[in-house]
Amino acid sequence: MLSASREASQKRQGFIEHHLSLPIPCRVPLRAMCSGKLQTGLLVAGYFIYLLVGAAVFQALERTAEKQQKMAAAQMKEAFLQNFTHLTVAEMEQFMRNLTEAIQNGVYPVGNESQIENSNWDFSNSFFFAGTVVSTIGYGTVRPKTAGGQIFCVFFALFGIPLNIVFLHRVGKILSLLCKKLGKFLYEKGMRKKIKFLTLLFFLVTGILVFLCLPSLFFQITEGWSYSEGIYFAFITLSTIGFGDYVVGKQPDRNYFSYYRTLVAIWILFGLAWIALLFNLLTTVLEDTEKIIAKDLHQMGRVSKDSEASQQRCWPAQFIPVEELQLPYTGGDAQKIESLAAGSEHPKNEKNVFFS
């Protein structure tokens, strides 16, 4: 009785453990999905908090120094207007050097004194600058001038650039999932041979509309550029070339709405993810094309070698040169072979040959 009850309890325990060890089909993917969304949310939140903190620090470090530079440029301009008829050549050269330096530092002495209040280091512009630092665009038109701002920029970029790479990688994964869903949809519709081409075409056209064509129209209206200049600026920015010849929000004669450059910075961040994934897709297509060309060339080489070998094996005897039919000289054996060949030509003298 005891042994039977113990055996039954062991079977029951084993049955329970076995079913507990089996994966639950709904719970595990749901848990993984929730954890993935949580990680993505934390990454996005941490990334934007990092940019916001960086913008606040840059604003605190650079705004006062910029205001002093603008006041000095305004005084230089006023002195020039009062005394420009009496300036010597040396004084004129010094004025041109000071003006060039002020423009290089992002200070444009144009307009009245109210232009001094328009800072390159307000929060919106500071956020834009922080985004250009971590994305490695680096226009060069606005940069920190104080020692504290320059040192902080070094450490901000040191940790911000890897964080930006992780962020773009995560956004690229989301975009690639959308491409996979599109490919699955095309596969179910029977377009199996053209999935890669159609996916790349859809991704390319959609991205060009969202990240190049529509923003260029917006820049044309806001900045007063031509549409081609807007396209040029958008691509140079998203490809992180960043010449700095065209930069948003830098024209002193235009009134920009609040947080204009912040919106541009957000466009840059997501546009970088799109163009990075596009470059990866184009690289894959080029690599596949290179492999196909190399494979075709290899097969062509094999076919040519096989055809040459078959021609040598099946070449008719009457077309083979006489020199190739002649045997090389091998001493007495060759003479015997020649004598046998001669004897075969004269079968009547065969007895004389062997019994002479």
Side-chain angles (χ1 to χ4, degrees), residues 29 32 36 40 135-137 161-162 164-216 227-228 230-243 267-328:
T40 303
S135 61
T136 69
I137 296 174
I161 292 174
N164 181 69
I165 293 173
V166 175
F167 173 77
L168 295 181
H169 181 68
R170 183 58 61 92
V171 176
K173 276 187 175 182
I174 296 173
L175 295 177
S176 64
L177 287 176
L178 296 177
C179 291
K180 287 182 180 179
K181 289 182 179 180
L182 176 61
K184 185 178 179 181
F185 173 77
L186 295 175
Y187 183 84
E188 292 175 352
K189 293 296 181 180
M191 303 177 185
R192 300 181 181 180
K193 294 183 179 179
K194 299 180 180 179
I195 290 178
K196 183 178 291 187
F197 173 75
L198 292 176
T199 304
L200 180 61
L201 181 63
F202 175 80
F203 185 76
L204 180 63
V205 172
T206 306
I208 287 175
L209 287 175
V210 173
F211 293 105
L212 292 180
C213 294
L214 294 179
S216 300
Y227 190 74
S228 61
I231 291 281
Y232 169 77
F233 164 76
F235 182 79
I236 293 299
T237 296
L238 297 184
S239 60
T240 68
I241 297 173
F243 288 128
W267 162 75
I268 289 174
L269 296 176
F270 288 96
L272 287 174
W274 167 75
I275 205 165
L277 185 58
L278 176 63
F279 286 161
N280 289 334
L281 290 174
L282 292 176
T283 302
T284 303
V285 170
L286 292 176
E287 288 177 350
D288 292 342
T289 306
E290 182 185 4
K291 289 178 183 178
I292 292 172
I293 294 174
K295 186 178 179 180
D296 291 342
L297 292 175
H298 181 67
Q299 288 180 353
M300 290 172 60
R302 288 181 59 185
V303 169
S304 62
K305 288 182 181 179
D306 293 341
S307 62
E308 290 177 1
S310 62
Q311 287 177 2
Q312 291 178 359
R313 287 195 301 268
C314 303
W315 197 260
Q318 61 267 26
F319 294 107
I320 301 177
V322 179
E323 293 80 2
E324 296 184 7
L325 290 175
Q326 291 180 352
L327 295 171

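- How far CG of Leu212 is from CG of Leu204: 9.0 Å, rounded to the nearest 0.5 Å.
- With rounding to the nearest 0.5 Å, the separation of CD1 in Ile275 from CZ in Phe235 is 5.0 Å.
- Expressed to the nearest 0.5 Å, how far CZ of Phe203 lies from CG of Leu198 amounts to 15.0 Å.
- Under a cut-off of 6.0 angstrom, the local environment of CZ in Phe202 is sparse, with at most 12 non-hydrogen atoms contributed by other residues, nucleotides or ligands.
- A distance of 11.0 Å separates CD1 in Ile174 from NE2 in His169, rounded to the nearest 0.5 Å.
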What pairs of donor and acceptor atoms, side-chain ones from residues 283-301 against any protein atom, are under 3.5 angstrom apart with sequence neighbours left out?
unit_1, atom_1, unit_2, atom_2, d
Thr283, OG1, Phe279, O, 2.7
Thr284, OG1, Asn280, O, 2.9
Asp288, OD2, Lys196, NZ, 2.8
Thr289, OG1, Val285, O, 2.7

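- In plain terms, the two heavy atoms of Ala234 and Ser216 that are nearest each other are CB-OG, 4.1 Å.
- For the atom pair Leu182 CG and Tyr187 OH, the distance stands at 15.5 Å (nearest 0.5 Å).
- Counting heavy atoms from C-beta outward, Asn164 and Leu269 have side chains that approach closer than 4.5 Å.
- Here the OG atom belonging to Ser239 is positioned 11.5 Å from the CG atom belonging to Leu278, to the nearest 0.5 angstrom.
- In the displayed structure, Phe185 atom CZ is contacted under 6.0 Å by at most 12 heavy atoms of other residues, nucleotides or ligands.
- Under the side-chain contact (heavy atoms from CB on, under 4.5 Å) criterion, Thr240 pairs with Thr136, Ile137, Leu272, not counting sequence neighbours.
- The aromatic rings of Phe211 and Trp274 lie parallel to each other, their planes meeting at an angle below 30°, with 60° marking the opposite boundary.
- Pro215 and Val210 get closest at one heavy-atom pair: CD-O, 3.2 Å.
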